[in-house]
Number of protein chains: 2
Amino acid sequence: MDTQNPAVDLVLQSALLWSGMIKKADLQLSVHGISFSEFCILHRLFQAPQHRLSRIELASAVGLSASGVTRLLQPLEKMLLVEKEQNARDARVSLVKLSDSGQQIYQDAHQTFGFFANQFMSPLTSRQQETLAELLARL
Amino acid sequence: MDTQNPAVDLVLQSALLWSGMIKKADLQLSVHGISFSEFCILHRLFQAPQHRLSRIELASAVGLSASGVTRLLQPLEKMLLVEKEQNARDARVSLVKLSDSGQQIYQDAHQTFGFFANQFMSPLTSRQQETLAELLARL
DNA sequence: ACAATATACTTGCACAATCAAGCATTGGTC
DNA sequence: GACCAATGCTTGATTGTGCAAGTATATTGT
């Protein structure tokens with residue numbers, strides 16, 4: 001590609017790779033009626049204590065703005081996958097809780113996504129995947 | 001994060017990392033009046049023989065749809081960074097050529113981006129960056 | 001106690017990117 | 001030579017996302 005600056009190529013190569021990855025993931029997840037971003041939201045909620053997080057925490061966890069989270073959650077609320085709750089200590093924060101049906105959908109989607117992720121990473125051995133994870137973790 | 005499936009975490013971690021990277025890159029490039037996507041376009045054009053590519057080639061090179069490329073190029077044409085040219089053999093294709101001023105802007109932006117990319121990759125040694133590039137190249 | 005500042009959202013507007021549909025051109029097939 | 005599928009591109013409508021501004025609540029300083 002570029003003979004001058006390997007870091008430039010590395011960054012551009014990665015950006016291309018991950019934009020393609022997200023498109024493929026979106027396609028796989030569409031059978032569950034959710035997008036990649038929505039899956040990320042559900043994933044973080046599932047991991048959280050009591051499956052509950054504030055919108056701000058959610059935003060930074062998935063790399064979106066606060067307004068992005070607000071809008072992403074609207075359809076999920078209508079589908080009853082998540083519920084709004086109040087925080088007793090601070091009336092500003094409105095907590096998001098994964099509902100029972102949300103957990104169900106998440107687990108179905110997780111299976112699909114896990115299969116996809118394994119397939120996507122299959123050109124690398126487990127050892128190489130670990131190495132990759134370590135390298136990325138430093139960035 | 002997830003104790004069940006390391007590939008899932010790896011993919012989600014990466015997606016988060018690169019979405020953040022693109023935002024930072026956009027910020028850096030804004031001093032040249034271009035976005036990350038526009039920089040990618042200019043980069044590919046600069047590398048191409050005679051700094052010239054068809055819109056389809058450009059689209060796949062930067063991971064956009066054909067219509068995305070059409071729309072991205074409109075402002076660049078107005079700024080006279082690129083020029084439209086016809087292909088003698090096939091009247092369907094309209095080639096995009098990097099103009100002289102486009103090359104100038106690109107080289108300025110490349111310097112900024114190169115600096116950014118080096119900084120972004122600085123937690124990794126050159127050796128590690130090579131390893132990372134090799135691993136990503138397989139995916 | 002009260003003002004000033006900060007935080008947690010939500011909303012209006014703008015923009016980037018996609019898809020579906022359409023147009024023009026090419027190349028193949030009968 | 002005339003249809004027909006495929007290709008390269010553009011356009012209209014829609015979606016996703018961010019930013020700036022607004023509201024409500026909390027916190028800090030005096």
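Below, each value reflects all heavy atoms present in this structure, side chains not excepted, and no hydrogens, waters or symmetry copies. Chain identifiers are assigned alphabetically (A, B, ...) following the order of the sequence lines, protein sequences preceding nucleic acid strands; residue numbering begins at 1 within each chain. None of these values were measured; they are calculated from a predicted model.
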**Q** Would you please classify the geometry between the B:Phe36 ring and the B:Phe113 ring as parallel, tilted or perpendicular, with 30° and 60° separating the classes?
**A** tilted
**Q** Expressed in angstrom and rounded to an integer, what is the separation of B:Leu53 atom CG from D:dG8 atom C1'?
**A** 14 Å
**Q** Take atom NZ of B:Lys84 and atom P of D:dT10, then tell me their distance rounded to the nearest Å.
**A** 5 Å
**Q** Report yes if a donor N or O on one partner sits less than 3.5 Å from an acceptor N or O on the other, where the partners are the side chain of B:Arg92 and the base of C:dG27; otherwise report no.
**A** no
**Q** Pick base, sugar-phosphate or nothing for B:Ser37, based on heavy-atom distances below 4.0 Å to the nucleic acid.
**A** sugar-phosphate
**Q** By nearest nucleotide on DNA chain C, pick out whichever of A:Lys23 and A:Ser54 is the more 5' one.
**A** A:Ser54
**Q** Parallel, tilted or perpendicular for A:Tyr106 and A:Phe39, by the 30°/60° rule?
**A** parallel
**Q** One pair to check against side chain to side chain donor-acceptor pair (under 3.5 Å): B:Arg55 and B:Thr70. What are the steps and the verdict?
**A** CA-CA 7 Å; B:Arg55 285 151 140 78; B:Thr70 296; 4.5 Å; no
**Q** Would you classify A:Thr70 as touching base, sugar-phosphate or nothing, given that sugar-phosphate means primed atoms plus P, OP1 and OP2, and contacts are heavy atoms under 4.0 Å?
**A** base
**Q** Please tell me if the side chains of B:Met21 and A:Val11 come closer than 4.5 Å, counting only heavy atoms from C-beta onward.
**A** yes
**Q** Using atom CD of A:Glu85 as one end and atom C1' of C:dC9 as the other, report the distance to the nearest whole Å.
**A** 17 Å
**Q** Under 4.0 angstrom, heavy atoms only, what part of the nucleic acid is A:Ala66 near: base, sugar-phosphate, or nothing?
**A** base
**Q** Give me the ring orientation class for A:Phe46 and A:His51: parallel if the planes are under 30° apart, tilted from 30 to 60°, perpendicular past 60°.
**A** parallel
**Q** How many Å lie between CZ on B:Arg89 and C1' on D:dG8, as a whole number?
**A** 17 Å
**Q** Counting any heavy atom closer than 4.0 Å, what does A:Ser94 reach on the DNA or RNA strands: base, sugar-phosphate only, or nothing?
**A** sugar-phosphate
**Q** Let me know the distance between CG of A:Leu27 and P of C:dT18, rounded to the nearest Å.
**A** 14 Å
**Q** Taking the nucleotide of DNA chain C with the closest heavy atom to each, which residue, B:Ser65 or A:Arg55, is nearer the 5' end?
**A** A:Arg55
**Q** Does B:Arg71 contact C:dT18 through a side-chain donor or acceptor facing the base, at a distance under 3.5 Å?
**A** yes
**Q** For the pair A:Phe120 and A:Trp18, name the ring-plane relationship: parallel under 30°, tilted 30 to 60°, perpendicular over 60°.
**A** tilted
**Q** Test for a donor-acceptor pair under 3.5 Å between the base of D:dC9 and the side chain of B:Ser67, counting only N and O atoms.
**A** no
**Q** Considering heavy-atom distances to DNA chain D, does A:Asp90 or A:Val69 have its closest nucleotide positioned more toward the 5' end?
**A** A:Val69
**Q** If you look at every strand shown and take non-hydrogen atoms under 4.0 Å, does A:Ser35 touch a base, only sugar-phosphate, or nothing?
**A** nothing
**Q** From the list C:dA8, D:dT25, D:dT17, which nucleotide is the closest neighbour of the side chain of A:Leu64?
**A** D:dT17
**Q** Side chain of A:Ala91 only, please: which of D:dA26, C:dC9, D:dT17 is the nearest?
**A** D:dA26
**Q** Over how many whole Å does the gap from A:Leu73 atom CG to D:dG16 atom P extend?
**A** 13 Å
**Q** With a 4.0 Å cut-off on heavy atoms, is B:Gly68 in touch with a base, just the backbone sugar-phosphate, or nothing at all?
**A** base
**Q** What's the CG-C1' distance between A:Leu58 and D:dT17, to the nearest Å?
**A** 15 Å
**Q** Between A:Ile22 (CD1) and C:dT18 (C1'), how many Å, whole number?
**A** 14 Å
